[in-house]
There are 2 protein chains.
Amino acid sequence: MTGPRAYHHGDLRRALLAAALDAIEEVGPAALSLRDLARRAGVSHAAPAHHFGDKAGLLTALAAQGFDLLAQKLVNADDVLEAGVAYVDFAVTHRAYFEVMFRPELYRADDAELIAARERSGAALRSGVATLPTGAAPADTDRDALAAWSIAHGFATLWLAGALPERVGDDPRTAARDVLRRLAR
Amino acid sequence: MTGPRAYHHGDLRRALLAAALDAIEEVGPAALSLRDLARRAGVSHAAPAHHFGDKAGLLTALAAQGFDLLAQKLVNADDVLEAGVAYVDFAVTHRAYFEVMFRPELYRADDAELIAARERSGAALRSGVATLPTGAAPADTDRDALAAWSIAHGFATLWLAGALPERVGDDPRTAARDVLRRLAR
DNA sequence: GTGCCATCTTGTCAATGGCAAGATAGGATT
DNA sequence: AATCCTATCTTGCCATTGACAAGATGGCAC
């Protein structure tokens, strides 16, 4: 809402979110420590509580940011295939966001701002699938979107989990395009 | 039922693993507490450490069990489509196992027993794809397997995360079969 | 019976999340 | 200007947890 004003710290809320992204990339979202974030930002251990209430509050804000960022990436994609590639690219590039977004037990899934952001992501995904040049029924479009989402999401999470064999290569975009094509053909 | 014995539990290792499955279904694998498991099993707070070393040790054992269980489900499937359905069914039915298996930051991914079990799962998956009646090259088979794995894994994780819209229905097997068919056609 | 050893307990410590109460600062009200 | 107001941040505290160390227990080999 109101822009960050220069108080004691200046921009603590933003600084904590940025520190959280770094920390999550290092230790994962579950092992995130509010006190560690406070240390990184140079404030006392209870400062984060004021801005986010508790750890779930901070992760809720992070997840909402993530869904918005993802929505932007998806609407900029040219077609369904590239939207899928963009999805995987987002997951790998913004790993911290992605890992929080799909772990609703870590945040408040009923948060209004978060639900809105998630809805924007979903709409972007569906609109990409709807532009497919097939005379499919709407119900089929739903399932097509779900299939596209599933394969992109699955590849992304498997990549992040390090579960894929080495021969897949080290470029997630290329490998993802190769895999996603199998659905779109 | 074997009540809590005076000193030696009798089958503490198994009891702790069973308690861990319950606890993970309740609070997720990250919020798992060794001391809580000890209380559930009626032993002292340090007893789990003897059997598993630390929390990662316990989750390593759980993950290995899970990969073995999954491998069994996959080899019993008739074709690729049903293997995918079995994969999703495993994730939903044995949610606790599944949630640990693909979170390697929680356990020791270099554990020998775990690697062996994971390899058995992978082999079961690939062998299903290889039986497809297509004159595809081996390299294509690899990619086909990866695509099948991705879409099944993606659907399963999205289902578990509660990310899917309600109109997908409440039966994961039926919905999964509908989605997976889009790859196999 | 004796000794051995896996099993389990008790005790302890640092780290964490969360709460409560207080301190601080910048603007608003009068 | 003096005072109030409120968001911001600090200090202090407590229960819980993971991990470690040292000791207690009991089954089992000999």
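Heavy atoms only: backbone and side chains are in, while hydrogens, waters and symmetry mates are out. None of these values were measured; they are calculated from a predicted model. Within every chain, numbering begins at 1; the chains are lettered A, B, ... in the order of the sequence lines, protein sequences first and strands thereafter.
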I'd like a list of close polar pairs between nucleotides 18-21 of chain C and the protein, N/O only, cut-off under 3.5 Å.
{"unit_1": "C:dG18", "atom_1": "OP2", "unit_2": "A:K55", "atom_2": "N", "d": "3.2"}
{"unit_1": "C:dG18", "atom_1": "O6", "unit_2": "A:R35", "atom_2": "NH1", "d": "3.3"}

Could you give the CZ-to-P distance, from B:R40 to D:dT17, as a whole number of Å?
11 Å
A:L32 CG - C:dA15 P separation (whole Å):
17 Å
Write down the distance between CG (A:D11) and P (D:dA7), rounded to a whole number of angstrom.
18 Å
Residues in residues 12-29 of chain B with a heavy atom under 4.0 Å of DNA chain C, by number, are B:L12
Would one find a side-chain N or O of A:R39 under 4.0 angstrom from OP1 or OP2 of C:dA15?
no
B:F90 and B:H94: aromatic ring centres closer than 6.0 Å?
yes
B:S33 vs B:D36, side-chain hydrogen bond (donor to acceptor under 3.5 Å, both in side chains): CA-CA, chis, key distance, verdict
CA-CA 5 Å; B:S33 156; B:D36 178 50; 5.6 Å; no
Taking only side-chain nitrogens and oxygens of B:H50, does any of them come within less than 4.0 Å of OP1 or OP2 of C:dT7?
yes
Counting just side-chain N and O atoms, does A:S33 come under 4.0 Å of either OP1 or OP2 of C:dA15?
no
Any donor-acceptor pair under 3.5 Å linking the side chain of B:S127 with the backbone of B:A124?
yes
Distance flag, aromatic centroids of A:F155 and B:H153, threshold under 6.0 Å:
no
Please determine whether a side-chain nitrogen or oxygen atom of A:S44 lies at a distance below 4.0 Å from atom OP1 or OP2 of D:dT11.
no
Without decimals, in angstroms, what is the distance between A:L37 CG and C:dA15 C1'?
14 Å
Looking at B:H51, I'd like to know whether one of its side-chain N or O atoms comes within less than 4.0 Å of OP1 or OP2 on C:dC8.
yes
State whether the number of non-hydrogen atoms from other residues, nucleotides or ligands found under 6.0 Å of B:E82 atom CD is greater than 12.
yes
Measure from CG on B:L59 to P on D:dA19 and round the result to the nearest Å.
10 Å
Rounded distance in Å - CG (A:D36) to P (C:dT16)
7 Å
Charged N to carboxylate O below 4.0 Å: is that the case for A:R95 and A:E26?
no
Under 4.5 Å between any side-chain heavy atoms of B:T141 and B:R126, yes or no?
no
Do B:L125 and B:V75 sit in the same hydrophobic cluster, where Ile, Leu, Val, Met, Phe, Trp and Tyr count as joined when their side-chain heavy atoms come under 4.5 Å apart?
no
Between D:dG18 (C1') and B:L58 (CG): distance, integer Å
13 Å
Donor-acceptor under 3.5 Å (B:Y107 side chain, B:K55 main chain):
no
